[in-house]
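Single-structure report; data block below.
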Amino acid sequence: MTEAPNESSTDRGHLNFIEQIVEDDIASGKHRGRVHTRFPPEPNGYLHIGHAKSICLNFGLADKYGGKTNLRFDDTNPVTEDTEYVDSIKNDVRWLGFDWENELYASDYFEQLYQFAEALILKGLAYVDDSTSEEIAAQKGTPTEPGRLSIYRDRSVDENLDFFRRMRAGEYPDGAKVLRVKVDMASPNMQLRDPIIYRIKHAHHHRTGNTWCIYPMYDFAHGQSDSIEQITHSLCTLEFVPHRPLYDWFIEQLNIFPSRQYEFARLNLTYTVMSKRKLKKLVEEGHVTGWDDPRMPTIAGIRRRGYTPASIRDFCDRIGVARRDNLIDVGLLEFCIREELNKTTPRVMAVLDEKPLKLVITNYDEGREEIMRIENNPEDASSGERDVPFSRDVYIERDDFMEVPPKKFFRLFPGGMVRLKGAYIIKCDEVIKDETGEITELRCSYIPESRSGSDTSGINVKGTIHWVSVPHAVEAEVRLYDRLFSVENPAADERDFQELLNPTSLEVVRAFVEPALVDASRSGSLTNVQFMRKGYFILDADSTPERPVFNRTVTLKDAWAKEQNKGEVKKG
RNA sequence: AGCCCGAUAGUAUAAGGGUAGUACGACAGAUUUUGGUUCUGUUUGUGGAGGUUCGAAUCCUUCUCGGGCUACCA
């Protein structure tokens, strides 16, 4: 039932606590072994990686145990919800590789929920309350003191029925009345102190239009929706634990299908925030360019960053599911995408530098050109080779040359030798500088017998660097993304957002790329690529035919940078 | 403060009374025409105190610490 079953989840070797519950239920014959889950987003925002965890869990569970998963929009608050979000959510779930059994809406059940409410009134378990919200809040009491009974609590069944019907009929303005259930105003669980189950909102609903002016609260909609859909295992995050007694209470009082709720800990990721409110703030205050900014933890952002659905599913599988609070190292997400992209992406050379270093090969004839055949992916023999033009002048990274090299630097330096990837070994003969002392050019000589693939020179060099032929180079824009925040857990930090943001989360640089890349991008066949020795990149929608734009998904692991950092630490 | 939930290497996650494992990370080495990949090895853990038991990460008590709840949001 899903397009992309997560194979690894079945051979993980152990069960998470929810799988354990499901297996126990199957073993005991509960629901005759049937497994039916649901993913229940509220259509009032964009999905993020935390939702991906829930999606993978719900769909993955059904997948593993031969069950089904509904996509159900929890659309009980018309003032915050919109079809725009419905569409983006459906798109994101599909992109992640999942296909739902039924597309449903809590609003599909408004009439049924209304009838449930009348049934509770008839049982003497619900009453219409004219108190203001302030009064109701005051009545609630505190965790240490019991609440007080509302003066409207003992209205007669007839009176309640009449008022409730008139609420539905639109006789009262917003806030004039609510419907509450009589549970227990003295309960130590605040959720049980006569919660409101219906409120008046004269608002247009994205699906039911103006049919309704009263809307059920979450607690009165969610569990019953699960029940109506005969959901066997209703999974949600830990903050709903105190709601579970209410969930069960409604099911019992209404005598409907006994769905059961199980809670797991939500995902937290280092160097980012996950709350809708904070993400919205990032967008609204212009810290990012939008919900799909590649630095955002939204599915849309991650997708634009170049992450793949499989890598996210793998990530969700690796982080596990439990009930303790957690803060997952974003490095694990990066590991997952690197692991996949290493196997699948074509390699290509690009020099990412505002001012790349020009290297002139003095003993290579002016005007001469050669086509080098370079393998596309050493991890994938079937990926073939591509043509890479070579000439007398090539660009290299400024970082790949040092006039005074430190120990263990095996790139280029005066008098030193390196191999130009897929081409020749060269030697640096001379460093040319301008009047300010900046290096403008390197004059080198090449070893003709060292041509890649037919090297008879017998020379062994320590370093291989990438390059792009100057006359063939194509200019591109490259967006180097890094973590959005400079602190591990911004949500727990007291300081203002502003101070926590990583000032270098985006660096835009000019790049010179080999021509094969541009042909591929024009033909639309290019998705993720590896810029050799730099990282994984993806073509961005901002590209134009004249100027391709690439987003950096993630860097390659960089042992040399680590080595240098060690030095820094020692010095500093 | 009351109630609820939780606590296993740096980060996650297993072990369901019987050898504390796995992944990522870190560290070291080998291989490498990507300082990538791959391979090998090493390191680090049951929050504290009692109790039950032949035997406790697991069961009990208690303490400590972390989180949640007191919306006409979900």
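Throughout, a chain's letter reflects where its sequence line sits, starting with A, and its residues are numbered from 1. Below, all heavy atoms of this structure are taken into account, side chains as well, without hydrogens, waters or symmetry copies.
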Apply the test salt bridge (charged side-chain N to carboxylate O under 4.0 Å, His left out) to residues A:R72 and A:D108: give CA-CA distance (whole Å), side-chain angles for both, the deciding distance (0.1 Å), then the verdict.
CA-CA 10 Å; A:R72 183 178 69 236; A:D108 295 341; over 6 Å; no
In whole angstrom, give me the gap between the C1' atoms of B:A14 and B:A20.
10 Å
Can you tell me if NZ on A:K280 sees more than 12 non-hydrogen neighbours from other groups inside 6.0 Å?
no
Is A:R533 salt-bridged to A:E397, going by a charged N under 4.0 Å from an acidic O?
no
What residues 184-197 of chain A contributes to the RNA chain B interface at heavy-atom separation below 4.0 Å is A:P188, A:M190, A:Q191, A:I196
Of A:I55, A:L57, A:N70, the residue whose pairing with A:F39 passes side-chain contact (heavy atoms from CB on, under 4.5 Å):
A:I55
With rounding to whole Å, what would you report as the distance between B:U70 and B:C65 at their C1' atoms?
23 Å
Begin with the C-alpha distance, continue with both residues' side-chain angles, and end with the deciding distance and a verdict on salt bridge (charged side-chain N to carboxylate O under 4.0 Å, His left out) for A:E334 and A:R483.
CA-CA 11 Å; A:E334 294 174 346; A:R483 31 201 70 165; 3.4 Å; yes
A:T142 vs A:D75, nearer the 5' end of RNA chain B by closest nucleotide:
A:T142
When we call it a touch if two heavy atoms are under 4.0 Å apart, what does A:K201 touch: a base, just sugar-phosphate, or nothing?
sugar-phosphate
Salt bridge (charged side-chain N to carboxylate O under 4.0 Å, His left out) filter on A:E514, not counting sequence neighbours, yields A:R386
In whole angstrom, give me the gap between the P atoms of B:U42 and B:A1.
48 Å
Nucleotides bounding contact with chain A, strand RNA chain B, heavy-atom threshold 4.0 Å:
B:A1 to B:A74
Whichever of A:S454 and A:D74 has the more 5' nearest nucleotide on RNA chain B, that residue is A:S454
Have a look at A:N16 and say if it touches a base, only the backbone sugar-phosphate, or nothing, with a 4.0 Å heavy-atom cut-off.
sugar-phosphate
For A:F240, which of A:Y247, A:Y218, A:Y262 qualifies under ring-ring contact (aromatic ring centres under 6.0 Å, His included)?
A:Y218
In whole Å, measure the gap between the P atoms of B:G21 and B:G41 for me.
15 Å
Could you tell me whether A:Y198 contacts a base, only the sugar-phosphate backbone, or nothing, with contacts defined as non-hydrogen atoms closer than 4.0 Å?
nothing
Can you check the distance between B:U52 and B:U62, where both ends of the measurement are the C1' atom (answer in whole Å)?
15 Å
Could you tell me how far B:G66 sits from B:A56 if I compare only their P atoms? Round to whole Å.
30 Å
A:T237 near the nucleic acid: base, sugar-phosphate alone, or nothing, with a heavy-atom cut-off under 4.0 Å?
nothing
Describe the nucleic acid contact of A:L332 in one word from base, sugar-phosphate, nothing, applying a heavy-atom distance below 4.0 Å.
sugar-phosphate
Would you indicate what A:L327 reaches in the nucleic acid, counting non-hydrogen atoms under 4.0 angstrom: base, sugar-phosphate, or nothing?
sugar-phosphate
Can you tell me how far P in B:G2 sits from the matching atom in B:G18, rounded to whole Å?
36 Å
N-O pairing of A:R266 and A:E239 below 4.0 Å
yes
By the 4.0 Å heavy-atom rule, please label A:G147 as base, sugar-phosphate, or nothing.
nothing
Dot-bracket pairing map - RNA chain B, Watson-Crick plus G-U, both contacts under 3.5 Å, | cross-strand
.((((((..((((....[..)))).(((((.......)))))....(((((..]....))))))))))).....
Pick base, sugar-phosphate or nothing for A:Q530, based on heavy-atom distances below 4.0 Å to the nucleic acid.
base
Using a heavy-atom cut-off of under 4.0 Å over every strand shown, decide if A:H466 touches base, sugar-phosphate, or nothing.
nothing
Touch check for A:R318, heavy atoms < 4.0 angstrom, all strands: base, sugar-phosphate only, or nothing?
sugar-phosphate
Check salt bridge (charged side-chain N to carboxylate O under 4.0 Å, His left out) between A:R199 and all other residues, then give those that pass, not counting sequence neighbours.
none
Looking only at atom C1', what distance separates B:C54 and B:A12, rounded to whole Å?
35 Å
With a non-hydrogen cut-off below 4.0 angstrom, is A:T76 in contact with a base, only sugar-phosphate, or nothing?
sugar-phosphate
Would you mind checking if A:D75 and A:R207 are paired as a salt bridge, meaning a charged N to carboxylate O distance below 4.0 Å?
no
Could you check whether A:D129 pairs with A:K177 (Lys NZ or Arg NE/NH1/NH2 to Asp/Glu carboxylate O, under 4.0 Å)?
no
Using a cut-off of 4.0 Å on non-hydrogen atoms, how would the nucleic acid contact of A:Y215 be classed: base, sugar-phosphate, or nothing?
nothing
For A:F335, answer base if it contacts any base atom (sugar-phosphate contacts may also be present), sugar-phosphate if it contacts only those atoms, and nothing otherwise; contact means non-hydrogen atoms under 4.0 Å.
sugar-phosphate
Base, sugar-phosphate, or nothing: which does A:P40 touch, judged by heavy atoms less than 4.0 Å apart?
nothing
Decide yes or no for A:Y307 and A:I538: does some side-chain heavy atom of the first lie under 4.5 Å from some side-chain heavy atom of the second?
no
Results of side-chain contact (heavy atoms from CB on, under 4.5 Å) for A:P356 - residues two or more places apart only:
A:V351, A:D353, A:Y395, A:R510, A:F512
